[in-house]
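Right, one structure below, let's go through it.
In what follows, chains carry the letters A, B, and so on, assigned in the order in which the sequence lines appear, proteins first and then strands, with residues in each chain numbered from 1.
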Amino acid sequence: MTGMSETTYRDALRQALDDAMGADSTIVVLGEEVGRYGGAYGVTKGLIERHGADRVIDAPISEAAIVGAAVGAAMTGLRPVAELMYVDFLGLAMDQLANQAAKIRYMFGGQVGVPMVLRTQGGTGRSAGAQHSQSLEAWSVHTPGLRVAMPATVSDAYHLLRHALTLPDPVVFIEHKALYTRKGGLDPAAPDAPWGRAVVRRPGRNVTLVAYSRMVHSALEAAAALAEAGIEAEVIDLRTLNPLDMETVAASVTRTGRAVVVSEACLTGGVAAEIAARIQEDCFDWLEEPVIRVAGEDVPIPVSPGLEAASIPGAPLIADAVRMMLP
Amino acid sequence: MPAPTDRLPFELYRTMCRIRAFEERVGELFVRQETAGSMLHLSIGEEGAAAGIGSAMRAGDSFTTHHRGHGIFLARGGQPDRMMAEIAGKRTGYCRGKGGSMHIADMGLGHLGANAIVGGGIPAVVGAGLSYRRLKKDAVSVAFFGDGAMQQGILYESMNMAALWRLPVLFVCINNQYGMGTRIDRASANLAWDLRARSFGLEAENADGVDVMEVRGAAERLLAAAREGRPGFLAVSCYRFYGHARMDKSPYRTPEEEEEGRARDPIARLRADLLAGDAREAELDTIVEAAGREMDAAVDFAVAAPRPEPGELFEDVYGPDQPAPLPVRRRIETILGGGVAR
């Protein structure tokens, strides 16, 4: 398939898996409900019919062993895609991810890599509660040896996953549950940018909004509202958190002099803090105001829809933060 | 030329003597402060498990080990000099000095890695089993772990998967009676561990680690079954002659118990068996002496081996040609010089 067409984030992910499995016979998908059920969010629907039960493997509810088996498979010639149904389940699998997958190449002196992708999804938006709604990317970003991708768009859902399935190292690929039905354009032959590069989703000269995953869309919404008041916000989509493209961020902030980092994850100790610290280091002489974080509240995610929505940043808060920063 | 089966006990004797000589020298190396750190866990007393199972595995088979895995690696062909260099944190070690005793590995010999997390290396053999089936490779993957891992949940997740998917996998518990300082009866509510394995549908056997031929026989049967898609579990009972690690004087057990335990010596046992047959003392002494000389040479190699270069700190965090971490000093210089620190 060539040329641009409209699809959804979910279908783009499925197409990425399907195309990658067609191109590389060592790719296997392993996880809970990935086969006959088609994935808890339908991402892997139909793959078992197309690629067979020995490549789309329904696993028991054993998150640690799913990730651990993927590690062993990746060391012995396969390229597994392990699916963790919710990123919250990382608590069960963290030893295999952080102590095994992330460290094997280094500990063993470079003699073997762990080319696996851990697909998972996080975030709020479905009243799924405190154990099914978190944004835990900081756990992976704080672990050397792991790459971390968090696509915001349909095109990136496809292209970042395809690229992750060519890398020599473990990739934690975190989708957002509220984006699966989002529509957008996809050209399988043309990624928005190379892996590891951030993309300016909207240009502006007054302030830089740095975001990733679903918060890119909230930042864009805020930018649209601010534009009505004559404030031009530049919106940067990081796309990957490791590698982290500070060059694109710094190029923007040194023009605008103001930076707001937007993240759905709770504020304290989060990735937004890391990005804010780097902006401060890289752009200190250009900053007109403190680097501001607009992040999730430091609370567990509640179920009740109003409370859930209030626990994460929305476009109004992002826009208000910008208004407060400007003279 | 005698038939191979006639030579097998001698080969096993040689392997066990090499393991013991290696471990004794690792201990000495530590006292001489030539090892990288103090995280050394000797397998003296457990040679029967390593030699019995290691000798029954084939080229192409793979394995993971726990933190007390020197003997297993030697039994699978690990070169003592490169092992000793790794334990000393040297550049010519198996992992270029970055892994050390607890993270030694060699893909060429199918060693998928020693592990410092109790049970951490177990599920990797499930993945290896998936690979062998998918890639149509005639190989078995063996997870070696201690009795401490019998209380870890990951073992049972892995056993279930291996049995469910009929993978070419063998789980081996080297039961040296102690998880660090806690004896098995203080850690495990039921010591009939083979029943745990059977309840998952695994083939299961117990073997007495003091009798290397018994271990070897059980390993042959279980490896053959695993190769046919009937995964198994083997519990080998032995006694950890010394402390958990080099600094441990074992205050949690009595001298009487230790004396009794050390009498369960697989090397002394096989030697007595061989002498009761047609072996001569001098023949066996020659094996012991050769093992000692080999391991002395390994020590010399390790001591003389170069340390890693400082820049190697940043190598192999990620694959070749991938973005690598920026050293903190360079970050600081870049930032204060007005640049952008990637």
Step by step, would you call B/Phe200 with B/Phe233 a ring-ring contact (aromatic ring centres under 6.0 Å, His included)? CA-CA 10 Å; B/Phe200 286 101; B/Phe233 169 75; over 10 Å; no
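Contact annotation for A/Pro243: only side-chain heavy atoms (C-beta onward) come within less than 4.5 Å of a heavy atom of chain B. Residue A/Leu146 touches chain B through its backbone alone, counting heavy-atom pairs closer than 4.5 Å. Within the 4.5 angstrom heavy-atom criterion, no atom of B/Leu155 approaches chain A. Neither the backbone nor the side chain of B/Ala139 comes within contact range of chain A; no heavy atom of the residue lies under 4.5 Å from a heavy atom of that chain. Contact annotation for B/Val125: neither backbone nor side-chain heavy atoms come within less than 4.5 Å of a heavy atom of chain A. For a residue to count as touching a neighbouring chain, one of its non-hydrogen atoms must lie under 4.5 Å from one of that chain's; by this rule A/Val114 does not touch chain B. At a 4.5 Å heavy-atom cutoff, the contact between B/Tyr132 and chain A is made by side-chain atoms alone. Residue B/Ile122 does not touch chain A at all, counting heavy-atom pairs closer than 4.5 Å. When heavy atoms are compared at a cutoff of 4.5 Å, A/Leu167 approaches chain B solely by way of its side chain, counted from C-beta outward.
Salt-bridge check for B/Lys98 with B/Glu86: failed, with every basic side-chain N at 4.0 Å or more from each acidic carboxylate O. Salt-bridge check for A/Arg239 with A/Asp245: failed, with every basic side-chain N at 4.0 Å or more from each acidic carboxylate O. With respect to the salt-bridge test (charged N to carboxylate O, under 4.0 angstrom), the residues A/Arg162 and A/Asp24 do not qualify.
The choice from A/Ala250, A/Ala251, A/Gly145 that makes the most heavy-atom pairs within less than 4.5 Å of chain B is A/Gly145. Most heavy-atom pairs under 4.5 Å with chain B, from the set A/Val71, A/Val249, A/Asp95: that is A/Asp95. Highest contact tally toward chain B, considering only A/Arg147, A/Gln100, A/Lys103, A/Glu281, is held by A/Arg147 [criterion: heavy-atom pairs under 4.5 Å].
Ring centers of B/Phe63 and B/His111: under 6.0 Å apart, within the cut-off.
Side-chain polar atoms of A/Tyr212 and A/Glu137 form a donor-acceptor pair below 3.5 angstrom.
Between the side chain of A/Gln96 and the backbone N or O of B/Gly120 there is at least one donor-acceptor pair closer than 3.5 Å.
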